[in-house]
Amino acid sequence: MEERYLPEVIEKKWQKKWAVENSFKVTEDSSRQKYYLLEMFPYPSGRIHMGHVRNYSIGDVVGRFKRMQGFNVLHPMGWDAFGMPAENAAIQNKSHPAKWTKENIDYMRIQLRRMGLSYDWDRELATCDLDYYRWEQQIFLEMYAKGLAYKKSSFVNWCPSCETVLANEQVEEGGCWRCDSSVVQKELEQWFFRITEYADELLDYTDKLPGWPERVLVMQRNWIGKSFGCEIDFPLEKGGSIKVFTTRQDTVFGATFMSLAPEHPLALPLTIPERLHEVTAFIDRVKSTEKIRRSADDLEKEGVFTGSYCINPATGERMPLFLANFVLPDYGTGAVMAVPTHDQRDYEFARKYDLPLKVVIQPEGVLLDSGSMTEAYTEAGIMVNSGQFNGISSIIGKERVADWLQGEGKGKKTVNFRLRDWGISRQRYWGNPIPIIYCESCGAVPVPAKDLPVILPLDVEFTGEGGSPLARLDSFVNTSCPLCGKTARRETDTMDTFVESSWYFLRYCCPDYVGGPLDSDKVNYWMSVDQYIGGIEHAVMHLLYARFFTKVLRDLGYVNVDEPFTNLLTQGMVIKDGAKMSKSKGNVVDPNALIEKYGADTARLFSLFAAPPEKDLDWNDQGVDGSFRFLSRLWKLIYESIPFIVSAGEIKIPALTEEGRALRRLTHKTIRKVTADIDERFHFNTAIAAIMELVNGILAFTPKNLPQNAPVLKESLETALLLLYPFVPHFSEELWEILGHENGVELAGWPVFDQEAAADEELLIVVQVNGKLRSRITVPVDASEIYVRERAVTDEKVAPYLEGNVLKKVIYVPGKLLSIVV
RNA sequence: GCCCGGGUGGCGGAAUUGGUAGACGCAAGGGACUUAAAAUCCCUCGGCUGUAAGGCUGUACCGGUUCGAUUCCGGUCCCGGGCACCA
């Protein structure tokens, strides 16, 4: 054994052993309890960053801990390999996305292996592999057959100069990121997944996921956004009607005009010829506004009059029809009945265009007047100017008006969701081709099973201009119709990369299966994922899509679980100097440098010690030294303790000195704390702190002249090694072996907590007078309340505060605190 | 703007169910060892005040509930994540 801790030697040794012995390979085993542990797989961007180090260190702690406890742990790793950056790199560096991605994966795999992570590498997959995406095409077609995949018209960001579709990220202040041209909204036929079909189930199950953080569930509920309201028909003067969705049908008598989204299909048809020029200009202007700006409250409300009118079905009054920039085409029906007195956006709009205001809800106490009001009144109140509903509360009125409208045939009660169907079409190359063929006679035809997969061709040019590279590749596009044999064209859109990440956790259960997307026997053994770990930034979209896919695959008969992830741990961001690490900000910390200088164990230990997982971590290298010093100190301590340890026998409790009993107590208290911190809270920072305190306790302990205490020293040091194993596996395995154990730490098992050894002999009671801390007293563990009271009131620090005062109240929290009120 | 979080010493953080604010670590200062340096070890370390014992004060800000609030409630400010084509 070396006297000094030399991580590079130890880590190489154990990593080699794990690789050669395939130590973390697992198979289905009905005799052991399974534990499916998963961290969100990385996008192969080039190299791992501190966020990865943190994420995978957290996961590895859980994996190694569960394996020590005897679980059959599935812990896979793979690559979310399709996506835009590969294509951008191709445009910039003239390298092929496939090559770029593969090189990145190869490099990042080495980096992950250097961290000593306990993956079953035999299950590794990359979503750009034909053996992965081919099965996704099959799933797409099964969804298409069930009507869960469909096509409809929708808008994309379009750069007229590059003639290409831009992702939101590629639009910078309304301009194209490459050429700065003004971006416009272009209407395209696109593929969608009918996630709204599952809206109710996705919402209902948010109450059946107790292992998820409440804040994530709240975000998902709000995202789905179920609201109860009314669909009301507003007849048009020219005939026909416009449907409106509202949750405020109690204000229908106050609707004085109508606002349509500029994208509304009736926008142009309802525009009178004299106004056509102005209206068209307005529509063009709104379409070039960024989507987030559109829904902002501080957006300057703008609109244009179409020249047409509709009729308020409640009052029979004429309402002018406007187009308004704040009305969104994809929420509700894309049309809003405007009630300027009781909706702030309508109010601002009405003031600007001098439209009539009519108060229909009166708050209690104040008299609202349409002439003098300065903002909309949006709360509940008493209905006025509302015909037969006058005088009742608007809360009751909501229900009554809805019933009345429905009875009159003027509307119906409906449920509306904020959730929209999932647009999966991407006019990009580096993604999974959508397996559809367009025939002039037969329309959209699914690629037949025998012709699958549609292979993503490699001989493609990347210019960043002129739309999808696939669409320019005749050898890909031109084909024949599977139904009639006539010449036909392939779909050139690829799928959103969120599709791949929506089912990869299922494929990990059977990565080599060739009979279909999933081998149900294996999938049903491993699913659900017992612990899923990843960034909080995925709280809604990825996690909602994955839940949706699991339910779809359940209904297709592939899986028998309703939800994919039983427990979810959302990791905070790794921040540097108050900002998310990014190359452009120049605040990236390179994990390689850290691992080279200190070793993987120190990098892991420190990334976990710096903050609890769910919190954002403001990275600062300075503390790393402390983690390394801690390991070095423990190494040296064990080196020096070996003579005592090898000669130590069994612990003989009666022979122990006071000091020996105290160290045993500390050892077992530490076992209890570390176990709870890992298993229940995932608070690794406090678990590590507790082990540090144990080591500090051992350092202060001197068994040298008291041989009967040597077994206690042995127990405490071995416990420290076992407790540390999930965090610093190379370090623990090495020392465990040095101490003469042959079978490795995982077989040794997690240390067993001994209640008796941990029991306190005396307690510290805090004494407060009028809520202020005045003294601390030490009492025997079995001290009665009367004894504690007596000790407290006679305590020399407490007594002066009681003198001359009347005792009003005494509160005793057993074993903790005595609060005296005078 | 909307939805969701967060704010505690010089710094990262701890206080798990309303009960000792600052565990553990970093940095800093002082000391020991050394020819010297590194490494290591020991001591101090929220602020104000006091020779000391101690006292007062302090968890973004304002207010409330309570014997007692970092923790619960109301409001304000600031920071971060997401907002449907970044993943």
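Atoms considered below: every heavy atom in the structure, side chains included; atoms not considered: hydrogens, waters and symmetry mates. In what follows, chains carry the letters A, B, and so on, assigned in the order in which the sequence lines appear, proteins first and then strands, with residues in each chain numbered from 1. Every value quoted in this text rests on a predicted model; they were computed, and no experiment measured them.
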Take the protein atom NE2 of A:H542 and the nucleotide atom P of B:G82, then report the distance between them rounded to whole Å.
15 Å
Could you check, using the six-membered ring where one of them is a Trp, whether A:F565 and A:F505 have ring centers closer than 6.0 angstrom?
yes
Stem ranges of RNA chain B by first residue number, counting only runs of at least 3 Watson-Crick or G-U pairs under 3.5 Å, come to B:1-7 with B:77-83, B:10-12 with B:24-26, B:28-32 with B:40-44, B:46-49 with B:54-57, B:60-64 with B:72-76
B:U44 and B:U76, which share atom name C1', separated by this distance in whole Å:
39 Å
Of all the nucleotides listed (B:C4, B:C41, B:G12), which has the minimum atom distance to the side chain of A:L617?
B:G12
Would you kindly give the CD-to-P distance between A:Q220 and B:G82, to the nearest whole Å?
15 Å
On RNA chain B, nearest-nucleotide positions of A:R633 versus A:R629: which is more 5'?
A:R629
Among B:A87, B:G13, B:C67, which nucleotide has an atom closest to any side-chain atom of A:P612?
B:G13
Nearest-nucleotide pick for A:I536, side chain only, options being B:G81, B:G12, B:C24
B:G81
Assess whether a salt bridge exists between A:E87 and A:R426, defined as any Lys/Arg side-chain N lying under 4.0 Å from an Asp/Glu carboxylate O.
no
Write down the distance between CG (A:N168) and P (B:G82), rounded to a whole number of angstrom.
13 Å
Can the ring centres of A:Y5 and A:F628 be said to be less than 6.0 Å apart?
yes
What about A:Q190, does its side chain sit under 3.5 Å from the base of B:C85 through a donor-acceptor pair?
yes
Taking N and O atoms by type only, does the side chain of A:Q170 place a donor or acceptor under 3.5 Å from a partner on the base of B:C86?
no
Whole angstroms only, please: what is the CG-P distance between A:D621 and B:A27?
12 Å
To the nearest Å, how far apart are A:E214 CD and B:G5 P?
9 Å
Residue-phosphate contact under 4.0 Å: A:R774 side-chain N/O, B:G55 OP1/OP2
yes
What is the distance from CH2 of A:W619 to C1' of B:G80, rounded to the nearest Å?
19 Å
When you measure from the side chain of A:E348 to the backbone of A:R345, do you find a donor-acceptor pair of N or O atoms at a distance under 3.5 Å?
no
Treat primed atoms plus P, OP1 and OP2 as sugar-phosphate and everything else as base, then score nucleotides 16-23 of chain B 5' to 3': B for base contact with protein heavy atoms under 4.0 Å, S for sugar-phosphate contact only, - for none.
B--BBS-B
Which whole number of Å gives the distance between the P atom of B:A84 and that of B:C77?
26 Å
B:G81 versus B:G13 - spacing of their P atoms, nearest Å
16 Å
Write down the distance separating the P atoms in B:A69 and B:C56, rounded off to the nearest Å.
15 Å
What's the closest nucleotide to the A:K615 side chain, out of B:C4, B:G7, B:C85?
B:G7
In terms of side-chain heavy atoms of A:L419, which of B:A84, B:C41, B:C86 is nearest?
B:A84
Can you check whether A:T196's main-chain N or O pairs, donor with acceptor, with A:D421's side chain at less than 3.5 Å?
yes
May I ask you to check whether A:F140 and A:W191 place their ring centers less than 6.0 Å from one another?
yes
What distance separates A:E189 CD from A:K152 NZ, expressed to the nearest 0.5 Å?
10.5 Å
Which whole number of Å gives the distance between the P atom of B:G12 and that of B:A27?
15 Å
Using atom CD of A:E500 as one end and atom C1' of B:C85 as the other, report the distance to the nearest whole Å.
14 Å
Nearest heavy-atom approach of A:E2 to A:Y639 is O-CD1, 3.7 Å
Validation row, ring centre A:Y504 to ring centre A:F41 under 6.0 Å
yes
Nearest to the A:M573 side chain among B:C24, B:G81, B:C85, which nucleotide is it?
B:G81
Short side-chain N/O contact to B:G82 OP1/OP2 from A:N222, under 4.0 Å
no
Check whether the side chains of A:N432 and A:Y132 place a donor and an acceptor atom closer than 3.5 Å, and report yes or no.
no
Classify A:K808 by what it touches in the nucleic acid, base, sugar-phosphate, or nothing, heavy-atom distance under 4.0 Å.
nothing
Ranking A:Y545 and A:Y801 by the position along RNA chain B of their nearest nucleotide, the one closer to 5' is A:Y801
Taking syn as any angle within 90 degrees of 0 and anti as the rest, which one fits B:G9?
syn
Rounded distance (Å) that lies between atom C1' of B:G80 and atom CD of A:E537
12 Å
What distance, rounded to whole Å, do you find between the two C1' atoms, one in B:A60 and one in B:G6?
11 Å
For atom P, what is the distance between B:G30 and B:C45, given to the nearest Å?
16 Å
Taking only the P atom of each, what is the distance from B:C42 to B:U51 in whole angstrom?
32 Å
Go through it in stages, so that I can follow the logic: the residues are A:Y545 and A:F193, the test is ring pair (Phe, Tyr, Trp, His ring centres under 6.0 Å), and I'd like the CA-CA distance, side-chain angles, deciding distance and then a yes or no.
CA-CA 10 Å; A:Y545 293 149; A:F193 281 153; 9.0 Å; no
Any A:R215 side-chain nitrogen or oxygen under 4.0 Å from OP1 or OP2 of B:G5:
no
Residues A:K151, A:E491: salt bridge by 4.0 Å N-O rule
yes
